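A quick write-up on the structure given underneath.
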Amino acid sequence: MNAAYPPQSVVAAAVGPAAGFRPTHVVPGDGMPTWVAPDGLVASEPLDALLPVRLLERRGDWGQVLCLNGWSAWVDARLLLPVPQGPPSTGQQLARTADARALLARVEETVGRYHRAVEDLAAGRMDGETFRDTTQGLRIGAVVDGEAMWVYDAEQDRWCYCDGTAMATFAVPEPASEGSGEPGAGAGEADGPGAAPTTVLGDR
């Protein structure tokens, strides 16, 4: 089972609780593996889908990420989904006809379904297998900072920026390129994670 916040006992860089933690990226929708060092030799605990992380260091295709609890490890940085540190560029107008409320309602519904499943599990009305079956396929992601919000649209597989009721597509996955493998892998080496990188619109 994937670990949203890997245990401190795992052999990896533990830098202590992240005071004032501000994520720069989130884990892709399929989750992602981690490694103790940027060499792909010793695997560590995998990260859950859409987990917020902070990219601390980049070495080629490798990136060291920090979790909210202070745990860090190395990942394929090409697969991380960037969390914007500001609204879309001034040249990119928000689509005022795109109302964020429908997407927010879906996010609220998904959180509610997960919450109900957790309550049933805690109360003994549901066993672990039923909990996994009930929550399988649930996928949300949201970062709120004052009036600005970045929310994941699972139906369209995209990140959206919301400013009040207005919403604009901010980031979408790129088509996976052939032969993409582990960070720094050359031709003929074993393939690594297959998830596609994400393009932030306006950065093209």
Side-chain angles (χ1 to χ4, degrees), residues 1-6 10-15 18 21-89 92 137 139-143 145 149-161 168-204:
M1 179 173 157
N2 287 355
Y5 295 112
V10 175
V11 181
V15 296
F21 178 78
R22 187 178 180 88
T24 60
H25 296 76
V26 294
V27 173
D30 294 329
M32 68 190 313
T34 70
W35 289 268
V36 172
D39 52 21
L41 297 179
V42 181
S44 188
E45 292 292 321
L47 297 176
D48 276 348
L50 306 179
L51 177 73
V53 296
R54 183 171 184 83
L55 183 61
L56 297 177
E57 182 181 353
R58 187 77 184 257
R59 296 185 190 176
D61 294 333
W62 290 98
Q64 185 185 31
V65 296
L66 174 69
C67 298
L68 177 61
N69 69 343
W71 186 88
S72 69
W74 292 88
V75 300
D76 184 345
R78 298 171 298 176
L79 306 180
L80 293 170
L81 307 177
V83 173
Q85 300 304 304
S89 60
Q92 180 183 351
R139 182 173 296 173
I140 61 170
V143 177
D145 186 5
M149 179 176 68
W150 295 265
V151 61
Y152 178 67
D153 184 349
E155 291 186 357
Q156 300 295 327
D157 193 17
R158 63 177 181 171
W159 279 90
C160 298
Y161 171 78
T169 299
F170 188 85
V172 295
E174 292 180 347
S177 58
E178 295 184 2
S180 60
E182 290 187 358
E189 296 186 18
D191 287 345
T198 298
T199 295
V200 177
L201 303 185
D203 286 355
R204 293 177 174 176

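All values derive from a computational prediction rather than experimental measurement.
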Quick one, Pro23 and Val53 - any side-chain contact, counting heavy atoms below 4.5 Å? no

Going by the angle between their ring planes, with limits at 30° and 60°, are Trp159 and Tyr152 parallel, tilted or perpendicular? tilted

For the residue pair Glu57 and Trp62, establish whether any side-chain heavy-atom pair is separated by less than 4.5 Å. no

Of all heavy-atom pairs between Asp153 and Cys160, which one has the smallest distance, and what is that distance? CB-SG, 4.4 Å

Would the distance check show the side chain of Arg54 and the main-chain N or O of Arg22 forming a donor-acceptor pair, the cut-off being under 3.5 Å? yes

Please name the pair of heavy atoms, one in Leu51 and one in Leu47, separated by the smallest distance, quoted to 0.1 Å. CD2-CD2, 3.9 Å

Determine the minimum heavy-atom distance between Trp71 and Ser44, stating which atoms define it. CZ2-OG, 3.3 Å

Looking at every non-hydrogen atom in both residues, tell me the closest pair between Ser72 and Leu56 and how far apart they are. CB-CD1, 4.5 Å

Applying salt bridge (charged side-chain N to carboxylate O under 4.0 Å, His left out), name anything that partners Arg139, two or more places apart in sequence or on another chain. Asp30

Testing the basics here: between Thr34 and Ala73, what is the closest heavy-atom pair and its distance to 0.1 Å? CB-CB, 3.8 Å

Closest non-hydrogen atom pair, Gly60 against Arg58: O-NE, 2.8 Å

